[in-house]
Number of protein chains: 2
Amino acid sequence: MIMVSPVYLSIVEDIKTRINSGGLKPGDAVPSEKALCEEYGVSRMTVRKSLTILANEGYIYSIPGKGNFVQEPVLNKYTIFYDEMNNSINSVDQTKLLEVNIIMPDEKLANDLQITKNKNVIMIRRLFYTDGVPVAYDVKYLLYQKGMPIVEKEIEHATFPEMLSTKVSHFALKKELIIHAVIPDEQIKRHLNIYNELALLVVEQKLYSSDNKPMGLGITYFRGDYIKLQGISQ
Amino acid sequence: MIMVSPVYLSIVEDIKTRINSGGLKPGDAVPSEKALCEEYGVSRMTVRKSLTILANEGYIYSIPGKGNFVQEPVLNKYTIFYDEMNNSINSVDQTKLLEVNIIMPDEKLANDLQITKNKNVIMIRRLFYTDGVPVAYDVKYLLYQKGMPIVEKEIEHATFPEMLSTKVSHFALKKELIIHAVIPDEQIKRHLNIYNELALLVVEQKLYSSDNKPMGLGITYFRGDYIKLQGISQ
DNA sequence: AAGTGGTCTAGACCACGAC
DNA sequence: TCGTGGTCTAGACCACTTC
């Protein structure tokens, strides 16, 4: 049994090697598709399949009528997998629902959710525990819509995107994270049993519908000694 | 002048709509390529181009011999653009090189860099300023290699990946971020002119060569009131 | 006019899965 | 055996860039 890797993949690897070794530098033109066909002895569609992969992986870009060119590498792009219940050093194994309420938003919240101050907003406040220790204080604000689940069972253990599951297709959901660090205020110190100096990692989540209308705002305050977020390139 | 969008894109949009509207649910089989050819009246390569795009965007996956299936949506994936000199609320406009030195690693550092404790490591310590205010304290550890730039000019204003520019192709560089929050120690308080309680956002960067050997470790301590990291879905 | 990439066709053969 | 997706070919026409 011989595993033969498809031709287009070996062409991809070959061109990657030319780029990584410096033979092809950012801005340089890749040989034309016709030239690559002759060089590798394959049809144009095969060469184009290879070039499509290289473009998808960020190695090259194409300008119609001109050619394919080596892309300047992106050095600052990372992928992070975030879920308020799970992170790289710790998982939430218990939650406590502090409050579910319908409120009227204040100035800032109305602005964040792009609504007027007389609209109803669902506020959910929870505590997250690991091994019996309170590790995070969590607040969510959701635009109130008919048919929304305000059943405590459905809310207590749900992550933010899950709370919108009945209203929105998850494929269409756009999300945004804002990460920063603060000193806890008295209320949070009380909830998280903090008696000495400790920093909080704060993660704000904003959910948008496919037409970029805000659907909700979530803020999770993690004890700094109980969370690390991890990002990876590619 | 009429802009005609290519057929394969309209097929992509049509299938996306079927998925977003719930007509096709996660786990469901997408109609076979042959069926799609007949439905849209196009050749198989055109249908396959559409399916490739849907697969690349995470909507579907394929099992050879069985068919194409709707993917379970990933709800926790975000992209973050991080660069120690720039973030969404603030940019570093001035740097101060505190120290460049060759050191022997301690236990933890040797472990992080996967080297023995008798190997040489370059340590670089810097301060970052915005409008004359020190906003971050930055430490880098780089494996010493012949030909490495220890010229202060090349180091002072460089981001971490840039420091390796002479040694590694940036395309091949793998990177990792660890984000957490701490209270500053006395040394950092002194460097950042912190007199009251303030949290630090700490970003650790690890750089790896293409064969997953660690190349360097960087730790940047940002004043919590001067940095916010932003992540977006898709 | 010549060269480039973008789109699309109508086939072909293969490996794999289900029956 | 038949249907499925995976690979590959040898063309074609188009829009665009360059000269």
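Letters A, B, ... are given to chains in the order of the sequence lines, protein chains preceding strands, and every chain is numbered from 1.
In terms of position on DNA chain D, the residue among B:P31 and A:G65 whose nearest nucleotide sits closer to the 5' end is B:P31. When each of A:V7 and A:P64 is assigned the nucleotide of DNA chain D bearing its nearest heavy atom, the one mapping closer to the 5' terminus is A:V7.
Between the side chains of B:Q205 and B:E176, no donor N or O sits under 3.5 Å from an acceptor N or O. There is no side-chain donor-acceptor pair under 3.5 Å between A:Y141 and A:D112. The closest side-chain donor-acceptor pair between B:N86 and B:S91 falls under 3.5 angstrom. With 3.5 Å as the limit, one finds no donor-acceptor pair spanning the side chains of B:T130 and B:D93.
Contact check, A:K66 against C:dG3: no side-chain N or O comes under 4.0 Å of OP1 or OP2. Side-chain nitrogen and oxygen atoms of B:Y8 include none within less than 4.0 Å of the OP1 or OP2 phosphate oxygen of C:dC8. Checking the phosphate oxygens (OP1, OP2) of C:dG3, no side-chain nitrogen or oxygen of A:S32 falls inside 4.0 Å. For the pair B:K49 and C:dT7, the criterion of a side-chain N or O lying under 4.0 Å from OP1 or OP2 is met. Contact check, B:S62 against D:dT4: no side-chain N or O comes under 4.0 Å of OP1 or OP2. A close approach under 4.0 Å does occur between a side-chain nitrogen or oxygen of A:R48 and OP1 or OP2 of C:dG6.
B:K34 has its NZ atom 18 Å from the C1' atom of D:dG6, to the nearest Å. The CZ-C1' distance, from B:R44 to D:dG5, rounds to 6 Å in whole Å. At whole-Å resolution of the value, CD1 in A:I60 and P in C:dT4 are 15 Å apart. Atom CG in B:L9 sits roughly 11 Å away from atom C1' in C:dG6 (whole-Å rounding). Regarding B:F69, its CZ atom lies at a distance of 12 Å from the P atom of C:dG17, rounded to whole Å.
Listed candidates were C:dT4, D:dT4, C:dG5. Nearest to the side chain of A:N68 is C:dG5.
Counted within 6.0 Å of NZ on B:K77, heavy atoms from surrounding residues, nucleotides or ligands total 12 or fewer; the atom is thus considered open.
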